[in-house]
Amino acid sequence: MDNDAYYKMLDASARKIRETDVKTERFLLKNIDWRDRLIQISGSRGAGKTTMLLQHMKSAFKDCPDAALYVSLDNLWFETNSLMELVDLHYKNGGTHVFIDEVHYLKDWQLIVKNLYDDYPRMNIVYTGSSLLKIDSDSGDLSRRQIIYNLPGLSFREYLSFEGILDLEPVQLPLLLETHKQIADAIASDKHILKHFAEYLQHGYYPFYKEVYSGYEQRLSQVTNQILESDYPAIEKINYSTVQKIRKMLYILAQSCPQTPKMSELYGQLETDRNQGLKMLYVLDKANLLNILSSEKSTLKNMGRPDKIYCDNTNIMYSLTESINIGTKRETFFLNQLKSAGYEVLYPPKGDFLVDGKYLFEVGGKDKTFSQIKDIPDSYLAIDDIENGRGCRIPLWMFGLLY
């Protein structure tokens, strides 16, 4: 590779940075310590990882733009060119940072990233990849070298900010439970919160909603297809038949959420055995297309007997199902926002959700009562269709303020 090829990539990088909009930022942008030498950012496709990288580069390198290079490994250019050689030229030309997008499209990516880290000790490396990424200790031990971050889709709090409606700092769950009435009194009365909440549930989870109009659900279907047809095959050696079975599993489960189907019958429909079916279920969960709820901490073993299966978020519900059950939509939102905020959520003997082993929640409409969880300490109702709560009755929308 010669300098001309390098300069073309540097020019392409500068163009993408220059054209990146900085009006709206994801919460993770300010939470990352960009000084670390090796950073992995994984998460849902469509969550805004690429935009976040470019926004950081635009801000951090405005006085020395050639010090940082952005590349995306799904670019056909890398079919005949080497990332190692490109980084070497960048380093020799005074580069100090490289931002690598879609790393899972690179064969032997773990070993190559490790070599870059070891061979260029003054180079900072940030890379993004699918939430399906797995760290294989046999292919270069990255676990002790890197810092890992995960980027979920937009919280309701972020959506309100993206829409220019309201700017709030995230609220930790214990503080929300204690002061929800004061928080709601301060913001809900003149903001038409329930109207915005309904819109968010249908089209506000993925930041690209601002780029499309009537085609949002079609775009979301394309994202789902890309995860299953491109991202997963880039990570695992699978054939087209397996991809089709995973797609069929997703649609079958989406239609029955949140009921738990008889897994043996499901595997029969897919013409597969339990072990293969279990792997397929695990893929859909890791890919942030489904949310598996169990009474125990999630492992590959107990995933075979989940207590409930949900779509990952309500936007996916709208793209996969024709009729939306209101109760399922409420529970899907609650589970998604709590897990995305980093809380552990399990299926309890009573109630709908047990959070961090302490807080018990029932989710429902404004007529919901405590009858199912009465006399249980630290129990709460997450109530839809109300702007303000009282006591242990908390508006459902407020659980979107956690991150």
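Worth knowing before you read on, the calculation uses all heavy atoms, side chains too, and leaves out hydrogens, waters and symmetry mates.
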Run the ring pair (Phe, Tyr, Trp, His ring centres under 6.0 Å) check on Y347 and F353 step by step: do they pass? CA-CA 5 Å; Y347 184 70; F353 304 103; 8.0 Å; no
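- Every residue was checked against the salt bridge (Lys or Arg N to Asp or Glu O under 4.0 Å) condition with K366, not counting sequence neighbours, and none meets it.
- A cation-pi arrangement is not found for R393 relative to Y380, the charged atom failing to lie both closer than 6.0 Å to the ring centre and inside a 45° cone about the ring normal.
- Counting only distance, with no hydrogens or angles, the side chain of Y205 and the backbone of G153 share a donor-acceptor pair below 3.5 Å.
- Centroid-to-centroid, the aromatic rings of F156 and F399 stay 6.0 Å apart or farther.
- Just one residue in the list V283, L284, I227, L281 forms a side-chain contact (heavy atoms from CB on, under 4.5 Å) with L250, and that residue is L284.
- In terms of modelled atom types and a separation under 3.5 Å, the side chain of S82 and the main chain of E85 share a donor-acceptor contact.
- Ring pair F99/Y70: centre-to-centre distance not below 6.0 Å.
- When atom types are taken as modelled, the side chain of S131 and the backbone of S44 share no donor-acceptor pair closer than 3.5 angstrom.
- Side chains of S72 and D101: no donor on one and acceptor on the other come within 3.5 Å.
- Side chains of R157 and E169 form no contact here, defined as non-hydrogen atoms less than 4.5 Å apart.
- For the ring pair (Phe, Tyr, Trp, His ring centres under 6.0 Å) with F27, the lone residue among Y403, F162, Y159 that qualifies is Y403.
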Does the side chain to side chain contact (heavy atoms under 4.5 Å, CB included) test come out yes or no for T51 and L54, once each step is laid out? CA-CA 5 Å; T51 300; L54 296 170; 5.9 Å; no
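- Side-chain N/O atoms of Y318 and Q202 include no donor and acceptor closer than 3.5 Å.
- In this structure a side-chain-to-backbone donor-acceptor pair under 3.5 Å is present from Q55 to D21.
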Derivation and outcome, ring pair (Phe, Tyr, Trp, His ring centres under 6.0 Å), residues W397 and Y200: CA-CA 10 Å; W397 64 266; Y200 164 82; over 10 Å; no
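- For the 3.5 Å distance criterion, the side chains of Q244 and R247 qualify, holding a donor opposite an acceptor.
- Rounding to the nearest 0.5 Å places CD of E236 at 8.0 Å from NZ of K279.
- Under a 3.5 Å cut-off, the side chain of D356 and the backbone N or O of E344 do form a donor-acceptor pair.
- Atom NZ of K210 sits in a crowded spot, with more than 12 heavy atoms from other residues, nucleotides or ligands closer than 6.0 Å.
- Ring to ring, Y209 and Y216 are not that close: their centroids are 6.0 angstrom or more apart.
- Looking at D385 and R330, a side-chain N of the basic residue comes within less than 4.0 Å of a carboxylate O on the acidic one, giving a salt bridge.
- N336 places no side-chain N or O within donor-acceptor distance of the main-chain N or O of T332, the cut-off being under 3.5 Å.
- Evaluated for a ring pair (Phe, Tyr, Trp, His ring centres under 6.0 Å) with H97, the options W34, F61, Y120, Y91 yield exactly one hit, F61.
- Evaluated for a side-chain contact (heavy atoms from CB on, under 4.5 Å) with L289, the options V223, I316, I246, N313 yield exactly one hit, I316.
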CA sep, side-chain torsions, deciding dist, call: E19, R15, salt bridge (charged side-chain N to carboxylate O under 4.0 Å, His left out): CA-CA 6 Å; E19 295 175 356; R15 184 169 57 253; 5.1 Å; no
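- At most 12 non-hydrogen atoms from other residues, nucleotides or ligands lie less than 6.0 angstrom from CD of E271.
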